[in-house]
There are 2 protein chains.
Amino acid sequence: MKPKTQPIPSIRTSGTNLKHAKSHNHRVVLDILRTQGPLSRADISRITSLSRQTIQNIVAELHEMSLVKFDKNKRTGRGRGHPGIDVYFRADAGYALGLYVDQFSLIGIMTDLVGHSIWNETLNVAYPDPETTAGIVQTMLGKLKKDKPKETERLIGIGLALPGPFNIEGVPSVGPTNLPRWTDPRVPEWLSNILGLPVVVENDASAAAVGEHLFGIGHQFDSFAYLYFGLGLGAGLHLNSNLYRGLGRNAGEIGHMVVEIDGRECPCGNRGCLERYVSLQAIYDTLGIENPTNQSIQVVEKLFREKDPRIIKWIDEAAPRLRQAVNIMESILDTNVIIVGGRLSHSILKGLISSLEPLHSSVTSHDSLLGNRVIIGSSGPDTTARGAAALSVFSQISPQVNTLLKGNGE
Amino acid sequence: MKPKTQPIPSIRTSGTNLKHAKSHNHRVVLDILRTQGPLSRADISRITSLSRQTIQNIVAELHEMSLVKFDKNKRTGRGRGHPGIDVYFRADAGYALGLYVDQFSLIGIMTDLVGHSIWNETLNVAYPDPETTAGIVQTMLGKLKKDKPKETERLIGIGLALPGPFNIEGVPSVGPTNLPRWTDPRVPEWLSNILGLPVVVENDASAAAVGEHLFGIGHQFDSFAYLYFGLGLGAGLHLNSNLYRGLGRNAGEIGHMVVEIDGRECPCGNRGCLERYVSLQAIYDTLGIENPTNQSIQVVEKLFREKDPRIIKWIDEAAPRLRQAVNIMESILDTNVIIVGGRLSHSILKGLISSLEPLHSSVTSHDSLLGNRVIIGSSGPDTTARGAAALSVFSQISPQVNTLLKGNGE
DNA sequence: TTATTTTTATGTCAACTTGATTTAAAAAAA
DNA sequence: TTTTTTTAAATCAAGTTGACATAAAAATAA
């Protein structure tokens, strides 16, 4: 539980040894208990392919650390033989703070290790930069110390979700959907030092995808793309059960993908960017809302309920573009499914999705066994903040290749 | 060196132990020597973060197995202190057969473990199915046994590259760029059993990307997309130094990605597929060549040299689409660079690339440090076959997460 | 310039540590 | 009686540690 971000050693050049194997195995057991628990030690042994005795030892150590607890006789009838003693993951062994900062608001959620929210707060902010955010979080932490002393004591880290794209230094911002001054890749480390806790920074779509993977319908898919409606549009990519970030943490930034040559003008300098057609900002543009706030979304919702022709017009314009985007993502990524979610309400998303049919045929068309190629996720900004918290938990509990390798500062 | 393909255990559920750690460390040392060798044992120790003594033991074992050799005094002047004894990777410790099968021809190349070609053959075939191919390869192996007895003895595996997409059963083929009956995911295992050697099957773009990564300019990039001009168009995705395959081995099949709504009709049923604008098939369509053969490409080359207006017209039509595709891939994948290659000649590729400028701005625009966002790879179909051979070597020598985990049949 | 000493680095040996496995036995239920 | 889980002790395998001999370059003195 180090407060610094570590360089990632490549699996191709790093060896491993017993210690790393051990901490990997610990994480594996913990992860299995968290996601599939409670289980008997024999069960865990079967799942991990590790010997019963090894699991015995590992679980004993985890119990020593108060990360698991035992409970006899809770589960029934598993055949003959000595009944197993169930091992439970202790969700209250630690807590994480998830933050979702966007153009208008800052949402903070404190969760336990399985993602249950035990506290939350929403503040109004306007396009905050790292310094401002650090200040707000410090205040928040101070308040938490009073409100939730025991839990704050056990805080293991902070996850921070921001709207992408993260631009590279010296590049002009790309319009109203972008946040300033978060470009420097050292920001997470800088925040870590100020706040005294490990900080993970991720774009909102990725955080939402993680949330969806852990707490939502994404759970059942190994690979999916999460199309996220913030003010702009982004995608979180979960490939082979892992978040794919890209080199500059900008993977999945499909908002500025050109879907129509010589299409609508975009502040980014291109023409025909997807975001100009499919995004909250595009709705505001269609409605003529010039300076949107956190409340504008309710206006949109109301107009949709009233079947306002301008909203219908927007859906008619957006659907072909979204259909195209779905086809493009399927073609490139070959995932199980595409999940759609974000700040748009469920009903609007539903309207949008249903007007997508028939989808373009794709290489993945017939792979997603159970039917739908595009599904709606558990929407709402809370999922994003919870996902951010989960990212923090993830980075410290979940098994990662990283853990297995040497050369990352022990 | 098992002749079967293994299920991949998830890192989240599989533990590890000493044996797996050992074979991982062996692979790591071998891989480092192959790509960066020769090196002293102390050098290897530093790179892997393993102790000198451990490297000592591992290298001794590798030497025992004739996988490495020593040579004193070859390299000079490395500062003071006891000079190291160089350890060399023995490229002739094993050989691999790489095959590239496409619509018109079958190319076979035998390489050593670092990818040097020691034999090759090109045959004419027409849209071969798995059975036909198996027969051809068996004949080829028989011939090799006579021509290269020692090397054939040490054959460690076969890599087979095919044009994608791999369709799912029951789906109609998608036109002249597609090969029949390769859809079943059990084909590699079936081939393994018939040929008595481990077989890896991959789409041509992926194989070419691997070749490019190992032997070409792709070497210097952690992440890149390789845009491959076969008869159709595909992309091989090297993300974080690993080939990304997608669920149905169809990742990167951008040929049927819709770039223009209501664009040109495509046999796949969609309209406006990229492949209808940017591909060899698109050139043939423009030129009115109805039944192209292996030689048709030379006709195209000749026309290009003569600045035939029909080719110029094709480039003018293709460039905006390719520009768009580059932007899309950059947006989604956030890689270092996009490499272009395949059956198109260097000069045509050069013409095409130069007419791409100015590219659309992208999230990656300013990350690829050394300038060009789109570069030309070492083109030519041989690279694809070599890449296929390398894939086979890779699967048995290179460090993979897989190796570290239990639960894959020891 | 030459001879000598110091510094630095490699390779090797042997003892040690660590963590998973094997073996065995007790306990509990069908 | 059979099956299965839990626990304990002994064993094994692989990486680590620290000491040491050795060799070359760099620094110093003659």
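- Separating the CG atom of Leu39(A) from the P atom of dT5(D) is a distance of 12 Å, rounded to the nearest angstrom.
- Relative to the side chain of Ala42(A), the nucleotides dG11(C), dT6(D), dA20(C) differ in distance, and dT6(D) lies closest.
- In this structure, the NE2 atom of His20(B) is 18 Å from the P atom of dG19(C), given to the nearest Å.
- With sequence neighbours left out, the ring pair (Phe, Tyr, Trp, His ring centres under 6.0 Å) criterion links His213(B) to His238(B).
- Between Ile47(B) atom CD1 and dT10(C) atom P there is a gap of 12 Å when expressed in whole angstrom units.
- The phosphate of dT10(C) has OP1 or OP2 within less than 4.0 Å of a side-chain N or O from Arg46(B).
- In this structure, Lys22(A) pairs ionically with Glu61(A), as a charged nitrogen and a carboxylate oxygen lie closer than 4.0 Å.
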Checklist entry - What string of B, S and - do you get for nucleotides 16-21 of chain D, 5' to 3', when a contact is any protein heavy atom under 4.0 Å? => result BB----

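- No side-chain donor-acceptor contact under 3.5 Å links Tyr88(B) to the backbone of Leu33(B).
- His63(B) is linked by a ring pair (Phe, Tyr, Trp, His ring centres under 6.0 Å) to Phe70(B), counting only residues two or more places apart in sequence or in another chain.
- The CD-P distance, from Gln56(A) to dT4(D), rounds to 19 Å in whole Å.
- Atoms CD1 (Ile44(A)) and P (dT7(D)) sit 12 Å apart, rounded to a whole Å.
- Residues forming a side chain to side chain contact (heavy atoms under 4.5 Å, CB included) with Asp31(A) (at least two apart in sequence, or on another chain): Arg34(A), Thr35(A), Ser398(A), Pro399(A), Arg12(B).
- One interatomic measurement links the two molecules: CD1 of Ile58(A) to C1' of dA20(C), which rounds to 9 Å at whole-angstrom precision.
- With rounding to whole Å, Ile55(B) atom CD1 is found 11 Å from dG11(C) atom P.
- Rounded to an integer number of Å, the gap from Phe70(A) CZ to dT6(D) P is 9 Å.
- For Ser45(A), the side chain to side chain contact (heavy atoms under 4.5 Å, CB included) test picks out Arg52(A), Ile55(A), with sequence neighbours left out.
- Out of dA14(D), dT12(C), dT6(D), the shortest distance to the side chain of Lys22(B) is found at dA14(D).
- For Asn240(B), the side-chain hydrogen bond (donor to acceptor under 3.5 Å, both in side chains) test picks out no residue, with sequence neighbours left out.
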